[in-house]
Amino acid sequence: MQQKSYMNWQTSLRLAAFVTLMYVLPLFSPLYLRMMGGEMFGFVGSSPQYISLLYSAGSFFGLTFLLFLYDFRILKSNYTPTKRYLVLIGGVLLITLLFSAVQLMLYGCLFIPENTGSFPPDLFGSIVLNNVSLALIAVFVSYIIYLSERRQHLALQYEALKAENMQIRYQALKSQVDPHFLFNTISILDSLVDEDKQRTHEYIQRFSSVYRYILQTKETVTLEEELRFTDDYFGLLQVRYGECLQFKTEINPAFRNYSVVPLSLQILIENAVKHNIISRQRPLSIAVRTTDDCELVVSNNYQPKSMPSAGAGIGLANLSERYRLKWQKDISIEQTEDVFKVTLPLVFKTPKTV
(Lines give C-alpha, C1' and ligand atoms only; values in the text may rest on other atoms or scores of the structure.)
Protein backbone atom coordinates (compact mmCIF):
# COMPACT_ATOMS: atom_id res chain seq x y z
CA MET A 1 0.00 0.00 0.00
CA GLN A 2 1.46 3.39 -1.06
CA GLN A 3 1.69 6.06 1.60
CA LYS A 4 0.16 9.39 0.61
CA SER A 5 2.49 12.32 1.35
CA TYR A 6 1.12 15.70 2.44
CA MET A 7 4.53 17.39 2.23
CA ASN A 8 3.92 19.10 -1.12
CA TRP A 9 3.16 22.49 -2.61
CA GLN A 10 -0.61 22.07 -2.18
CA THR A 11 -0.21 21.64 1.56
CA SER A 12 2.23 24.56 1.62
CA LEU A 13 -0.38 26.71 -0.12
CA ARG A 14 -3.13 25.78 2.33
CA LEU A 15 -0.95 26.25 5.39
CA ALA A 16 0.32 29.61 4.15
CA ALA A 17 -3.26 30.77 3.54
CA PHE A 18 -4.32 29.58 7.01
CA VAL A 19 -1.43 31.32 8.78
CA THR A 20 -2.10 34.51 6.81
CA LEU A 21 -5.76 34.52 7.83
CA MET A 22 -4.90 33.86 11.46
CA TYR A 23 -2.37 36.70 11.53
CA VAL A 24 -3.90 39.37 9.31
CA LEU A 25 -7.69 39.31 9.79
CA PRO A 26 -7.66 40.03 13.54
CA LEU A 27 -5.47 43.09 12.90
CA PHE A 28 -8.32 44.72 10.95
CA SER A 29 -10.92 44.36 13.65
CA PRO A 30 -12.17 47.75 14.94
CA LEU A 31 -11.36 46.76 18.53
CA TYR A 32 -7.75 45.93 17.72
CA LEU A 33 -7.19 49.10 15.67
CA ARG A 34 -8.71 51.20 18.46
CA MET A 35 -6.43 49.55 21.01
CA MET A 36 -3.36 50.13 18.80
CA GLY A 37 -4.29 53.75 18.00
CA GLY A 38 -5.10 52.83 14.43
CA GLU A 39 -1.53 51.96 13.53
CA MET A 40 0.92 49.11 13.83
CA PHE A 41 3.68 47.57 11.74
CA GLY A 42 2.48 47.40 8.13
CA PHE A 43 -0.53 49.62 8.74
CA VAL A 44 -0.05 53.29 8.02
CA GLY A 45 -2.86 55.69 8.74
CA SER A 46 -2.02 57.90 5.78
CA SER A 47 -2.24 55.02 3.28
CA PRO A 48 -5.43 53.39 2.03
CA GLN A 49 -6.36 50.46 4.20
CA TYR A 50 -6.55 48.02 1.29
CA ILE A 51 -2.88 48.74 0.46
CA SER A 52 -1.91 47.95 4.03
CA LEU A 53 -4.02 44.80 3.85
CA LEU A 54 -2.44 43.64 0.59
CA TYR A 55 1.04 44.41 1.87
CA SER A 56 0.59 42.60 5.18
CA ALA A 57 -1.31 39.63 3.80
CA GLY A 58 1.05 39.26 0.85
CA SER A 59 4.07 39.40 3.16
CA PHE A 60 2.69 36.77 5.52
CA PHE A 61 1.53 34.53 2.71
CA GLY A 62 4.67 34.81 0.56
CA LEU A 63 7.10 34.10 3.38
CA THR A 64 5.17 31.19 4.92
CA PHE A 65 4.58 29.62 1.52
CA LEU A 66 8.31 29.73 0.70
CA LEU A 67 9.23 28.42 4.14
CA PHE A 68 6.82 25.48 3.98
CA LEU A 69 8.04 24.55 0.51
CA TYR A 70 11.65 24.64 1.66
CA ASP A 71 11.00 22.82 4.95
CA PHE A 72 9.12 19.99 3.24
CA ARG A 73 11.82 19.55 0.62
CA ILE A 74 14.62 19.37 3.18
CA LEU A 75 12.74 17.11 5.60
CA LYS A 76 11.98 14.67 2.77
CA SER A 77 15.60 14.63 1.61
CA ASN A 78 18.02 11.74 2.06
CA TYR A 79 20.43 13.78 4.17
CA THR A 80 21.74 12.40 7.42
CA PRO A 81 19.79 13.75 10.44
CA THR A 82 22.58 16.15 11.44
CA LYS A 83 23.04 17.53 7.92
CA ARG A 84 19.28 17.77 7.43
CA TYR A 85 18.80 19.94 10.52
CA LEU A 86 21.79 22.15 9.70
CA VAL A 87 20.58 22.72 6.12
CA LEU A 88 17.05 23.31 7.39
CA ILE A 89 18.03 25.93 9.99
CA GLY A 90 20.54 27.65 7.72
CA GLY A 91 18.15 27.78 4.79
CA VAL A 92 15.25 29.06 6.90
CA LEU A 93 17.40 31.87 8.32
CA LEU A 94 18.68 32.84 4.86
CA ILE A 95 15.18 32.85 3.34
CA THR A 96 13.88 34.91 6.29
CA LEU A 97 16.63 37.53 6.01
CA LEU A 98 16.40 37.86 2.22
CA PHE A 99 12.61 38.08 2.34
CA SER A 100 12.87 40.71 5.11
CA ALA A 101 15.15 42.81 2.89
CA VAL A 102 12.71 42.58 -0.01
CA GLN A 103 9.85 43.40 2.33
CA LEU A 104 11.70 46.48 3.62
CA MET A 105 12.23 47.76 0.07
CA LEU A 106 8.56 47.18 -0.75
CA TYR A 107 7.57 49.02 2.42
CA GLY A 108 9.65 51.99 1.31
CA CYS A 109 7.99 52.04 -2.11
CA LEU A 110 4.46 51.87 -0.70
CA PHE A 111 4.52 53.86 2.50
CA ILE A 112 7.55 56.21 2.56
CA PRO A 113 6.97 59.55 0.83
CA GLU A 114 9.51 60.39 -1.87
CA ASN A 115 10.46 63.64 -0.25
CA THR A 116 11.29 61.88 3.01
CA GLY A 117 13.21 58.87 1.81
CA SER A 118 14.05 57.65 5.31
CA PHE A 119 12.77 54.52 7.08
CA PRO A 120 11.35 54.60 10.59
CA PRO A 121 13.93 53.63 13.23
CA ASP A 122 14.16 49.92 14.03
CA LEU A 123 11.84 49.06 11.10
CA PHE A 124 14.12 46.39 9.69
CA GLY A 125 14.52 44.85 13.14
CA SER A 126 10.74 44.73 13.53
CA ILE A 127 10.36 43.09 10.13
CA VAL A 128 13.03 40.50 10.91
CA LEU A 129 11.56 39.77 14.36
CA ASN A 130 8.10 39.32 12.90
CA ASN A 131 9.40 37.09 10.11
CA VAL A 132 11.48 34.97 12.50
CA SER A 133 8.31 34.25 14.49
CA LEU A 134 6.65 33.12 11.24
CA ALA A 135 9.69 30.99 10.42
CA LEU A 136 9.50 29.26 13.81
CA ILE A 137 5.83 28.48 13.26
CA ALA A 138 6.52 27.12 9.76
CA VAL A 139 9.39 24.92 10.99
CA PHE A 140 7.34 23.63 13.92
CA VAL A 141 4.28 22.77 11.78
CA SER A 142 6.46 21.23 9.05
CA TYR A 143 8.26 19.05 11.57
CA ILE A 144 4.96 17.87 13.08
CA ILE A 145 3.77 16.83 9.60
CA TYR A 146 7.13 15.16 8.95
CA LEU A 147 6.94 13.15 12.20
CA SER A 148 3.34 12.17 11.44
CA GLU A 149 4.25 10.93 7.96
CA ARG A 150 7.31 9.11 9.30
CA ARG A 151 5.13 7.36 11.86
CA GLN A 152 2.67 6.35 9.13
CA HIS A 153 5.56 5.09 7.00
CA LEU A 154 6.91 2.97 9.85
CA ALA A 155 3.41 1.63 10.53
CA LEU A 156 3.03 0.66 6.86
CA GLN A 157 6.45 -0.99 6.92
CA TYR A 158 5.46 -2.92 10.03
CA GLU A 159 2.22 -4.09 8.42
CA ALA A 160 4.08 -5.15 5.26
CA LEU A 161 6.66 -7.06 7.29
CA LYS A 162 3.91 -8.65 9.36
CA ALA A 163 2.08 -9.78 6.21
CA GLU A 164 5.34 -11.08 4.72
CA ASN A 165 6.16 -12.90 7.92
CA MET A 166 2.69 -14.44 7.99
CA GLN A 167 3.10 -15.61 4.40
CA ILE A 168 6.51 -17.13 5.19
CA ARG A 169 5.05 -18.88 8.23
CA TYR A 170 2.19 -20.13 6.13
CA GLN A 171 4.55 -21.53 3.49
CA ALA A 172 6.68 -23.13 6.21
CA LEU A 173 3.59 -24.66 7.73
CA LYS A 174 2.48 -26.08 4.40
CA SER A 175 5.91 -27.62 3.95
CA GLN A 176 5.46 -29.34 7.30
CA VAL A 177 2.87 -31.74 5.89
CA ASP A 178 4.30 -34.96 7.24
CA PRO A 179 6.60 -36.53 4.59
CA HIS A 180 5.65 -39.90 6.03
CA PHE A 181 2.08 -39.19 5.03
CA LEU A 182 3.22 -38.76 1.43
CA PHE A 183 5.26 -41.97 1.48
CA ASN A 184 2.47 -43.91 3.18
CA THR A 185 -0.01 -42.57 0.65
CA ILE A 186 2.12 -43.78 -2.26
CA SER A 187 2.62 -47.18 -0.57
CA ILE A 188 -1.12 -47.61 -0.03
CA LEU A 189 -1.76 -46.55 -3.61
CA ASP A 190 0.71 -49.14 -4.83
CA SER A 191 -1.02 -51.86 -2.83
CA LEU A 192 -4.45 -50.86 -4.14
CA VAL A 193 -3.54 -50.88 -7.82
CA ASP A 194 -3.82 -54.66 -8.22
CA GLU A 195 -6.60 -55.18 -5.66
CA ASP A 196 -9.42 -52.76 -6.42
CA LYS A 197 -9.40 -50.44 -9.41
CA GLN A 198 -12.46 -48.53 -8.23
CA ARG A 199 -10.93 -47.84 -4.81
CA THR A 200 -7.66 -46.93 -6.51
CA HIS A 201 -9.43 -44.37 -8.67
CA GLU A 202 -11.23 -42.86 -5.66
CA TYR A 203 -7.98 -42.78 -3.71
CA ILE A 204 -6.16 -40.95 -6.50
CA GLN A 205 -8.99 -38.43 -6.74
CA ARG A 206 -8.80 -37.71 -3.02
CA PHE A 207 -5.01 -37.54 -3.14
CA SER A 208 -5.15 -35.04 -6.02
CA SER A 209 -7.76 -32.92 -4.23
CA VAL A 210 -5.75 -32.88 -0.99
CA TYR A 211 -2.53 -31.69 -2.60
CA ARG A 212 -4.29 -29.17 -4.80
CA TYR A 213 -5.70 -27.65 -1.61
CA ILE A 214 -2.34 -27.76 0.17
CA LEU A 215 -0.60 -25.94 -2.70
CA GLN A 216 -3.10 -23.07 -2.82
CA THR A 217 -1.97 -19.57 -1.79
CA LYS A 218 -5.08 -18.30 0.01
CA GLU A 219 -4.50 -16.73 3.41
CA THR A 220 -8.00 -17.60 4.61
CA VAL A 221 -10.69 -20.07 3.55
CA THR A 222 -14.28 -20.68 4.54
CA LEU A 223 -15.12 -23.40 7.01
CA GLU A 224 -17.04 -25.09 4.17
CA GLU A 225 -13.85 -25.30 2.05
CA GLU A 226 -11.80 -26.55 4.97
CA LEU A 227 -14.36 -29.26 5.77
CA ARG A 228 -14.40 -30.51 2.16
CA PHE A 229 -10.62 -30.74 2.22
CA THR A 230 -10.71 -32.48 5.59
CA ASP A 231 -13.14 -35.07 4.26
CA ASP A 232 -10.69 -35.97 1.46
CA TYR A 233 -7.70 -35.89 3.80
CA PHE A 234 -9.40 -38.11 6.36
CA GLY A 235 -10.51 -40.47 3.59
CA LEU A 236 -6.85 -41.09 2.71
CA LEU A 237 -5.98 -41.75 6.35
CA GLN A 238 -8.88 -44.13 6.78
CA VAL A 239 -7.70 -46.36 3.93
CA ARG A 240 -4.64 -46.98 6.06
CA TYR A 241 -6.23 -47.22 9.52
CA GLY A 242 -9.70 -48.49 8.64
CA GLU A 243 -12.18 -48.59 11.50
CA CYS A 244 -9.41 -47.88 13.98
CA LEU A 245 -9.69 -44.21 13.05
CA GLN A 246 -13.07 -42.48 13.38
CA PHE A 247 -14.15 -38.98 12.43
CA LYS A 248 -17.34 -37.16 13.46
CA THR A 249 -18.57 -33.67 12.64
CA GLU A 250 -21.30 -31.56 14.20
CA ILE A 251 -21.36 -28.30 12.26
CA ASN A 252 -23.97 -25.56 12.50
CA PRO A 253 -24.77 -24.58 8.87
CA ALA A 254 -24.81 -20.91 9.93
CA PHE A 255 -21.04 -21.03 10.42
CA ARG A 256 -20.05 -22.66 7.13
CA ASN A 257 -19.25 -19.29 5.51
CA TYR A 258 -17.10 -18.15 8.42
CA SER A 259 -13.35 -18.01 7.83
CA VAL A 260 -10.49 -20.11 9.19
CA VAL A 261 -6.78 -20.36 8.46
CA PRO A 262 -6.12 -22.97 5.71
CA LEU A 263 -4.98 -26.43 6.86
CA SER A 264 -6.16 -25.81 10.41
CA LEU A 265 -8.07 -29.08 10.61
CA GLN A 266 -5.38 -31.00 8.73
CA ILE A 267 -2.80 -29.96 11.31
CA LEU A 268 -5.01 -30.95 14.23
CA ILE A 269 -5.95 -34.30 12.70
CA GLU A 270 -2.34 -35.02 11.79
CA ASN A 271 -1.30 -34.05 15.31
CA ALA A 272 -3.83 -36.45 16.81
CA VAL A 273 -2.79 -39.33 14.50
CA LYS A 274 0.92 -38.72 15.07
CA HIS A 275 0.87 -38.63 18.87
CA ASN A 276 -1.81 -41.15 19.82
CA ILE A 277 -2.09 -44.96 19.77
CA ILE A 278 -4.36 -46.23 16.99
CA SER A 279 -5.38 -49.88 17.13
CA ARG A 280 -8.43 -52.16 17.08
CA GLN A 281 -8.33 -52.34 20.85
CA ARG A 282 -7.89 -48.60 21.21
CA PRO A 283 -9.42 -46.77 18.24
CA LEU A 284 -8.83 -43.05 17.88
CA SER A 285 -11.94 -40.89 17.58
CA ILE A 286 -11.66 -37.30 16.30
CA ALA A 287 -14.64 -34.95 16.61
CA VAL A 288 -15.16 -31.52 15.03
CA ARG A 289 -18.02 -29.29 16.19
CA THR A 290 -19.03 -25.64 16.28
CA THR A 291 -20.23 -23.73 19.33
CA ASP A 292 -22.64 -20.85 19.75
CA ASP A 293 -19.66 -18.62 20.58
CA CYS A 294 -18.34 -18.71 16.98
CA GLU A 295 -15.72 -21.34 17.77
CA LEU A 296 -14.59 -24.55 16.14
CA VAL A 297 -13.67 -27.31 18.57
CA VAL A 298 -11.50 -30.27 17.52
CA SER A 299 -11.13 -33.00 20.13
CA ASN A 300 -9.88 -36.57 20.34
CA ASN A 301 -9.58 -39.23 23.00
CA TYR A 302 -6.15 -38.89 24.58
CA GLN A 303 -4.08 -42.09 24.43
CA PRO A 304 -0.46 -40.99 23.95
CA LYS A 305 2.22 -43.24 22.54
CA SER A 306 4.83 -44.50 24.97
CA MET A 307 7.57 -42.92 22.81
CA PRO A 308 6.69 -39.30 21.92
CA SER A 309 7.01 -38.42 18.22
CA ALA A 310 9.62 -35.92 17.08
CA GLY A 311 8.54 -32.32 16.57
CA ALA A 312 5.84 -32.38 19.22
CA GLY A 313 4.07 -29.02 19.49
CA ILE A 314 5.60 -27.35 16.39
CA GLY A 315 2.44 -27.60 14.30
CA LEU A 316 0.23 -26.25 17.10
CA ALA A 317 2.66 -23.40 17.82
CA ASN A 318 2.71 -22.34 14.16
CA LEU A 319 -1.06 -22.62 13.89
CA SER A 320 -1.45 -20.43 16.97
CA GLU A 321 0.94 -17.85 15.54
CA ARG A 322 -0.89 -17.74 12.20
CA TYR A 323 -4.19 -16.95 13.94
CA ARG A 324 -2.47 -14.28 16.00
CA LEU A 325 -0.84 -12.70 12.94
CA LYS A 326 -3.95 -12.81 10.80
CA TRP A 327 -6.68 -11.82 13.26
CA GLN A 328 -4.94 -11.10 16.58
CA LYS A 329 -6.86 -14.04 18.03
CA ASP A 330 -5.61 -16.95 20.09
CA ILE A 331 -6.39 -20.63 19.86
CA SER A 332 -7.15 -22.58 23.03
CA ILE A 333 -5.47 -25.91 23.88
CA GLU A 334 -6.82 -28.10 26.69
CA GLN A 335 -5.66 -31.51 27.82
CA THR A 336 -7.13 -33.83 30.43
CA GLU A 337 -6.42 -37.45 31.24
CA ASP A 338 -8.89 -38.60 28.61
CA VAL A 339 -9.36 -35.79 26.08
CA PHE A 340 -7.16 -33.47 24.03
CA LYS A 341 -9.07 -30.43 22.72
CA VAL A 342 -8.17 -27.43 20.56
CA THR A 343 -10.56 -24.50 20.07
CA LEU A 344 -10.21 -22.27 17.00
CA PRO A 345 -11.93 -18.90 16.50
CA LEU A 346 -14.30 -18.55 13.57
CA VAL A 347 -14.16 -15.16 11.89
CA PHE A 348 -17.03 -13.66 9.93
CA LYS A 349 -15.95 -11.77 6.81
CA THR A 350 -18.44 -9.27 5.44
CA PRO A 351 -19.05 -10.00 1.73
CA LYS A 352 -17.66 -7.35 -0.61
CA THR A 353 -20.28 -5.30 -2.42
CA VAL A 354 -19.71 -4.19 -5.99
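Scope of the values below: all heavy atoms of this structure, side chains included, with no hydrogens, waters or symmetry mates.
- Side-chain contact between Arg256 and Leu227: present, with at least one pair of heavy atoms (C-beta onward) separated by less than 4.5 Å.
- Cluster annotation: Trp327 is connected to Leu316 through the hydrophobic network of ILVMFWY side chains, with a link wherever side-chain heavy atoms come within less than 4.5 Å.
- Cluster annotation: Leu134 is not connected to Val102 through the hydrophobic network of ILVMFWY side chains, with a link wherever side-chain heavy atoms come within less than 4.5 Å.
- Counting heavy atoms of neighbouring residues, nucleotides and ligands inside a 6.0 Å radius, atom OH of Tyr6 does not exceed 12 of them.
- Surrounding CD of Gln328 are more than 12 heavy atoms belonging to other residues, nucleotides or ligands, all under 6.0 Å away.
- Atom CG of Asn8 has more than 12 neighbouring heavy atoms from other residues, nucleotides or ligands inside a 6.0 Å radius.
- Residue Tyr146 comes nearest to Leu75 through the heavy atom pair CE1-O, 3.2 Å, listed as atom of the first residue, atom of the second, then distance.
- Side chains of Arg212 and Ser208: a donor-acceptor N/O pair is present below 3.5 angstrom, by distance only.
- Asp330 is listed as a side-chain neighbour of Arg324, based on a closest heavy-atom distance under 4.5 Å.
- Hydrophobic clustering (ILVMFWY, side-chain heavy atoms < 4.5 Å, transitive): Leu86 and Tyr79 are in distinct clusters.
- Under 3.5 Å, the side chains of Tyr233 and Tyr211 contain no donor-acceptor pair of N or O atoms.
- Of all non-hydrogen atoms in Glu226 and Ser264, the two that sit nearest each other are OE2-N, 2.9 Å.
- Ile95 places a side-chain heavy atom less than 4.5 Å from the side chain of Leu67.
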Evaluate side-chain contact (heavy atoms from CB on, under 4.5 Å) for Phe229 paired with Leu263, printing each intermediate quantity in order.
CA-CA 8 Å; Phe229 159 74; Leu263 304 177; 3.8 Å; yes
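- Inter-residue side-chain proximity for Ser299 and Phe340 is flagged as unmet; no heavy-atom pair is nearer than 4.5 Å.
- Listed here is the closest heavy atom pair of Leu284 and Ile277: CB-O, 4.3 Å.
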side-chain contact (heavy atoms from CB on, under 4.5 Å), that's the test. Do Val342 and Val297 meet it? Break it down for me.
CA-CA 6 Å; Val342 178; Val297 179; over 6 Å; no
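- Judged by distance alone, the side chains of Thr222 and Glu225 do bring a donor and an acceptor atom under 3.5 Å apart.
- Distance check: Gln238 CD to Asp231 CG gives 9.5 Å after rounding to the nearest 0.5 Å.
- Other residues, nucleotides and ligands place more than 12 heavy atoms under 6.0 Å from the CD atom of Gln10.
- In Trp9, the CH2 atom is not crowded: 12 or fewer heavy atoms of neighbouring residues, nucleotides or ligands sit closer than 6.0 Å.
- The shortest side-chain heavy-atom distance between Ile145 and Asp71 does not fall under the 4.5 Å cut-off.
- Asn300 approaches Ala272 most closely through the heavy-atom pair OD1-CB, 3.7 Å.
- Using modelled atom types and a 3.5 Å distance limit, the side chains of Gln335 and Tyr302 yield a donor-acceptor pair.
- For Ser59 and Tyr107, the side-chain atoms include no donor-acceptor pair closer than 3.5 Å.
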Apply the test side-chain contact (heavy atoms from CB on, under 4.5 Å) to residues Val288 and Thr230: give CA-CA distance (whole Å), side-chain angles for both, the deciding distance (0.1 Å), then the verdict.
CA-CA 10 Å; Val288 179; Thr230 304; 5.8 Å; no
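- Between Tyr70 and Val92 the shortest heavy-atom distance is CE2-N, 3.8 Å.
- To the nearest 0.5 Å, atoms CG (Leu344) and SG (Cys294) are separated by 13.0 Å.
- Other residues, nucleotides and ligands place more than 12 heavy atoms under 6.0 Å from the NZ atom of Lys76.
- Transitive grouping of hydrophobic side chains (ILVMFWY, heavy atoms separated by less than 4.5 Å) brings Leu136 and Ile127 into a common cluster.
- In summary, Arg206 and Glu202 do not engage in a salt bridge, as defined by a charged side-chain N under 4.0 Å from a carboxylate O.
- Between the side chain of Arg322 and the backbone N or O of Pro262 there is at least one donor-acceptor pair closer than 3.5 Å.
- Once rounded to the nearest 0.5 Å, the distance linking OG of Ser285 with NZ of Lys248 reads 4.0 Å.
- Taking each heavy atom of Asn252 and Thr290 in turn, the nearest pair found is N-OG1, 2.9 Å.
- Residues Leu268 and Leu319 form a side-chain contact, since some pair of their non-hydrogen atoms from C-beta on lies under 4.5 Å apart.
- Within a 6.0 Å sphere centred on CZ of Phe18, heavy atoms belonging to other residues, nucleotides or ligands number 12 at most.
- Taking the six-membered ring for Trp and the full ring otherwise, the centers of Phe255 and Tyr258 sit less than 6.0 Å from each other.
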Applying side-chain contact (heavy atoms from CB on, under 4.5 Å), run through Asp232 and Tyr213 and close with a yes or a no.
CA-CA 10 Å; Asp232 287 327; Tyr213 188 86; over 6 Å; no
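- Taking CD of Gln303 as the reference point, atom CD1 of Ile278 lies at 8.0 Å (rounded to 0.5 Å).
- Side chains of Ser77 and Arg84 form a contact here, defined as non-hydrogen atoms less than 4.5 Å apart.
- Remark: the Asn131 side chain and the Gln103 side chain contain an N/O donor-acceptor pair separated by less than 3.5 Å.
- Taking CE from Met7 and OG from Ser142, the interatomic distance works out to 6.5 Å, rounded to the nearest 0.5 Å.
- Side-chain atoms of Tyr143 and Tyr85, non-hydrogen and from C-beta on, do get closer than 4.5 Å to each other.
- Criterion: ILVMFWY side-chain heavy atoms under 4.5 Å apart, direct or through other members. Under it, Leu93 and Leu129 are not part of a common hydrophobic cluster.
- Expressed to the nearest 0.5 Å, how far CG of Leu154 lies from CD of Glu149 amounts to 12.0 Å.
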